[in-house]
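Reading through the structure tokens given below for one structure.
Residue numbers begin at 1 in each chain, while the letters A, B, ... track the order of the sequences.
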Amino acid sequence: MKKTKLIPMMGDQVAAYAMRQVEPDVVAAYPITPQTEIVMSFSQYVADGKVKTELIPVESEHSAMSACVGAAAAGARTMTATSANGLALMWEIVYIAASTRLPIVMPVVNRALSAPINIHCDHSDTMGARDSGWIQIYCENGQEVYESIILAVKIAEHKDIQLPVMVCQDGFITSHAVEGIELFDDKVVKGFIGEYKPRFSLLDVDHPVTVGPLDLQDFYFEHKRQQSEAMDNSIKIIPKVFKEFADTFGKRHDFSETYRLEDAEVAICALSSTAGTAKIAVDKLREEGHKVGLMKPRFFRPFPREHIAKRLSPLKAIAVLDRSESFSGNGGPLFTEIKAALYPERHRPAVLNYIYGLGGRDIFAEDIESVFRTLLDVAKTGATDERIQFIGVRE
Amino acid sequence: MKNITEVRWHGRGGQGAKSAAQFLAEAALDSGKYIQAFPEYGPERAGAPIRAYTRISDNVINIHSSVTSPDVVVVIDSTLITPSVLEGLPKEGVLVVNSPDEPDVIRKNLSFKGGKVATVDATKIALETIKAPMPNTPMLGALLKTYPIVSLDALESKIRDKFLKKIGEEKTAANIKAIKRAYEEVKLG
């Protein structure tokens, strides 16, 4: 029997529950579509007096992030949540939050961007924001969503990081699926994140600071250089937060999760819920005696280059599954990132790219199995098809 | 691979197919199983046909795609009893429908020869007990008699837990009565 009681919750509810435990000073959010149930559930906690958070309902997602920027600059622990076109409307301020170095934490439910209008899962929304300067964590299931939000607060607020974090989960697939979740005690969560002491605060009149002024040729570049260094440094600091998390909650986190990868010859690389489905295909092919494995990056920003290259470079062939199309003519965002990460390695596997699941098109273990069979052929013959492939689309 | 039990629910928006899928999953979770419950979302409209799914397993459930080959299909709305509910249901599959008809009639209408067919007049039971056309809870009772994946006790305590605060003692008791009646009255064939 399991030792811990699991509580049935949807991915959205789990995110709201984590927010309740974090109990930020301010949550500013746009309360209607394309918002998700995260804000609805959190508003209920506010209405029921379960949290003392100042909830600011605003008239658009652009205003939501603007209010978050203001609150965070004032020194408040700040959170919001968004999804799809909502994130797209936030865009301008999403960049400002990161370059102002405000440790805002934002659960994002990954859904397709218009047009055509679609409410289902793909990663176009957050992948579009990949260069905005936010840390991005991708989650396979509700449990990961829950733990990652708590982790994200600690990472965002670390004095040597000071960057906002998106905690991404798959729209409907996990956001609206009920799973059993192991929840931590409120006090332990509060103890782990600690009291928020901002390094700079507009309300600290004894130590006045200026936030977001005009910054032209003279200093803008230096500020960007510092921002770049903050993201770079986070690679070294985040593992310390993983350790603290493991010491506190007994749960291990890393930049990636690998599954049966140690002695694998070929592997699939995928984010979020699809990585779970891929485990079924890995098990089936392993039973047939094939050396296959899985690499599930948990962090996309910072991109853990060395971590991933070390684990993938010994392989013969890998396939990267992208749930978004970057329209670069050069493959999806995860693919180009992984290929670039492998380039400096002495030994490099063949790297294939598959775009799948746009607009919520389902992906099955059988689809992933067939990608593995292609990889096994590539490993044997060395012949690769350089073209970007598409899974489950009508041609 | 098939150490997961998968149930597909067919209903109309507003009939509680999504809730039924969830109640079953939660009762299983309380019994120490791992679970998933999720609806298939389209445009959300009252009365439109919807599907919902329950997965139950002794092990952690990693799969996140929709259910294509269910072990059990439950049809909550009798107007949805058409051959399309058999989609992906294997020969040995179980079909539980809300209908006053005998299982033989359903078998004949759908040309379904294999597995098990169970029928129960869940709408009538709901009208007489809950006093509303909400056939989702009695269908849970019918399902558990036909395919005892969780105990009736586990379901009862889950329903009590879910309903008591929301709708009060009287209506909660009516729902439990509906479940038990359907459990007794379901016809197997």
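Only the side chain of D30(B) comes within contact range of chain A, with at least one heavy atom under 4.5 Å from a heavy atom of that chain. With a threshold of 4.5 angstrom between heavy atoms, A25(B) does not approach chain A through any atom at all. Only the side chain of Q22(B) comes within contact range of chain A, with heavy atoms under 4.5 Å apart. If you measure heavy-atom distances from T274(A) to chain B, you find no contacts under 4.5 Å at all.
For A21(B), the side-chain contact (heavy atoms from CB on, under 4.5 Å) partners at least two apart in sequence or on another chain are W9(B), A52(B), T54(B).
Applying the 6.0 Å contact sphere to CD of E170(B) captures no more than 12 heavy atoms from other residues, nucleotides or ligands.
Within the 3.5 Å criterion, the main-chain N or O of G332(A) finds no donor-acceptor partner in the side chain of E325(A).
For an aromatic pair to be called close, the ring centres must be under 6.0 Å apart, and F38(B) with H176(A) fails this.
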